Amino acid sequence: MAKHQTVADEEEAPIHGDVLEAILTHVPLIDLVPASHVSTSWKGAVFSSLRHLNPVKPWLIVHAQSTRHPYTTTSHAYDPRSHVWVDIEQPSIKYVSTLRSSHSNLLYMQSPFRFVFSSDPLQLTWHQAVAPLVWRPDPIVAQVGERVVIAGGACDFGDDPLAVETYDLTTRAWDTCDDMPAILKDSCASTWLSVAVDKSKMYVMEKCSGATHSFDPITKTWQGPYDLRPDQNVFSSIIGFVNDRMFVVGLVGEAENVKSVKMWEVKGEMLDMKTEISEMPKELVAKLKGQSPRVTSIGMNSMGNFVFLHNPSDPAEVIVCEVQNGGSFCSWGSVGNAAVDDGSRIVKNLVYTCANVGLGELHQALRSGDRRFTIKEEME
């Protein structure tokens, strides 16, 4: 009898320690939320597994807004830690105007009467502001610290096309600043410019020339231009930050024949040193181009050591690059865009953000009571 009891006890022995932590590395992040509530030991194992074995990685979030009334918005997130797409069920974003994004994590909508924006990882909070003084159909927008900068993009009919205003999140007031540099007059719209932000400045690059200026919202002044065109064969380039280091991604060749896509790191206080980091594999260049006859520019979202690239003309594929070993090695891959492959025939406006989403952010979103996260399918 004692022998049988021993066998039963062994069969029902709980999983714990290193074995449990190893198992949890294969569990999608959204399923680790309930797992962390099983017991104190499970909670410890979850956090230990995330800390030492398979850490949290930035999410790419694709917001798909219908272009017809009622302009319903759905959100899909790609989690590179778990290699899965997650459907985010939430109240549709209240429509103000066409949804847009800027410098990886800022979502915004603007009308002649209102300016609405959110920089939360999962958009739990939206800031409501009156519209800036100058109406701009296609501005560049960025959040630098506690200030949101909106510049250029104005109609050249009485309004200054180079006008710059900042919104202070503390005082909830707009303030005027020095105009954008005059050299940008013919390209002072988001269509032609790439924007990146560090802790204190906004950087604006002219995609076709690589000419870059920086703006300090505290002193309200511009500096530059800096020549960030890394190679004369680059016909279009964009900028972003990877682990607080500025990177340039350039299309080599011409719009009708993209020969390669390369990545450079920008160094030096005057942004005058450009070191080639990596080149996208040829098969991924083909996936990035898709069925597009011309690729005039690409979109980039970056967070931590991850870079996500897409072709706005054919968004079916997302290229994923993980910058490793301090920039000495890049791991490339691709994943089908779940926001495109959703079975809907409704024309949609796709807007991309990138965010650090961990257990804390997921706990907070679930506590709100109006959000659910469901694994769609493994896309890789």
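From a predicted model like this one, the values you see are computed outputs, not experimental measurements.
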Hydrophobic clusters join Ile, Leu, Val, Met, Phe, Trp and Tyr when side-chain heavy atoms are under 4.5 Å apart, directly or via other members; which others share one with Trp192? none
Could you list the residues that satisfy ring-ring contact (aromatic ring centres under 6.0 Å, His included) with Tyr95, not counting sequence neighbours? Tyr71
Who pairs with Val56 by side-chain contact (heavy atoms from CB on, under 4.5 Å), at least two apart in sequence or on another chain? Leu29, Leu50
Report, one line per pair, each donor and acceptor closer than 3.5 Å where one atom sits in a side chain of residues 169-181; sequence neighbours left out.
{"residue": "Trp174", "atom": "NE1", "partner": "Val130", "partner atom": "O", "Å": "2.8"}
{"residue": "Asp175", "atom": "OD2", "partner": "Lys220", "partner atom": "NZ", "Å": "2.3"}

Which ILVMFWY residues are connected to Ile277, directly or by a chain of links, through side-chain heavy atoms under 4.5 Å apart? Phe235, Ile238, Val242, Phe247, Val249, Leu251, Val258, Val261, Met263, Met280, Leu284, Val285, Leu288, Val295, Ile298, Met300, Val307, Leu309, Ile319, Val323, Trp332
Quick one: hydrophobic cluster around Met109, which other residues, with the 4.5 Å side-chain cut-off, linked directly or via members? Ile93, Val96, Leu99, Leu107, Val116, Trp126, Val351
Output every pair passing side-chain hydrogen bond (donor to acceptor under 3.5 Å, both in side chains) with a member in residues 301-311, not counting sequence neighbours, ordered by first then second residue. Ser292-Asn311
Tell me every residue that passes side-chain contact (heavy atoms from CB on, under 4.5 Å) with Ala196, counting only those two or more places apart in sequence or in another chain. Ile239, Phe241
The complete set of salt bridge (charged side-chain N to carboxylate O under 4.0 Å, His left out) pairs with one or both residues in residues 228-237, sequence neighbours excluded, reads none
Once side-chain contact (heavy atoms from CB on, under 4.5 Å) is applied, do any residues pair with Asp244, and if so which ones, sequence neighbours excluded? none
Measure up the Trp222 and His213 rings against each other and bin them: parallel (under 30°), tilted (30 to 60°), perpendicular (over 60°). perpendicular
Would you please indicate if the ring centroids of His26 and His83 are separated by under 6.0 Å? no
Qualifying residues under side-chain contact (heavy atoms from CB on, under 4.5 Å), relative to Ser92, sequence neighbours excluded: Thr72, Thr73
Results of ring-ring contact (aromatic ring centres under 6.0 Å, His included) for His52 - residues two or more places apart only: none
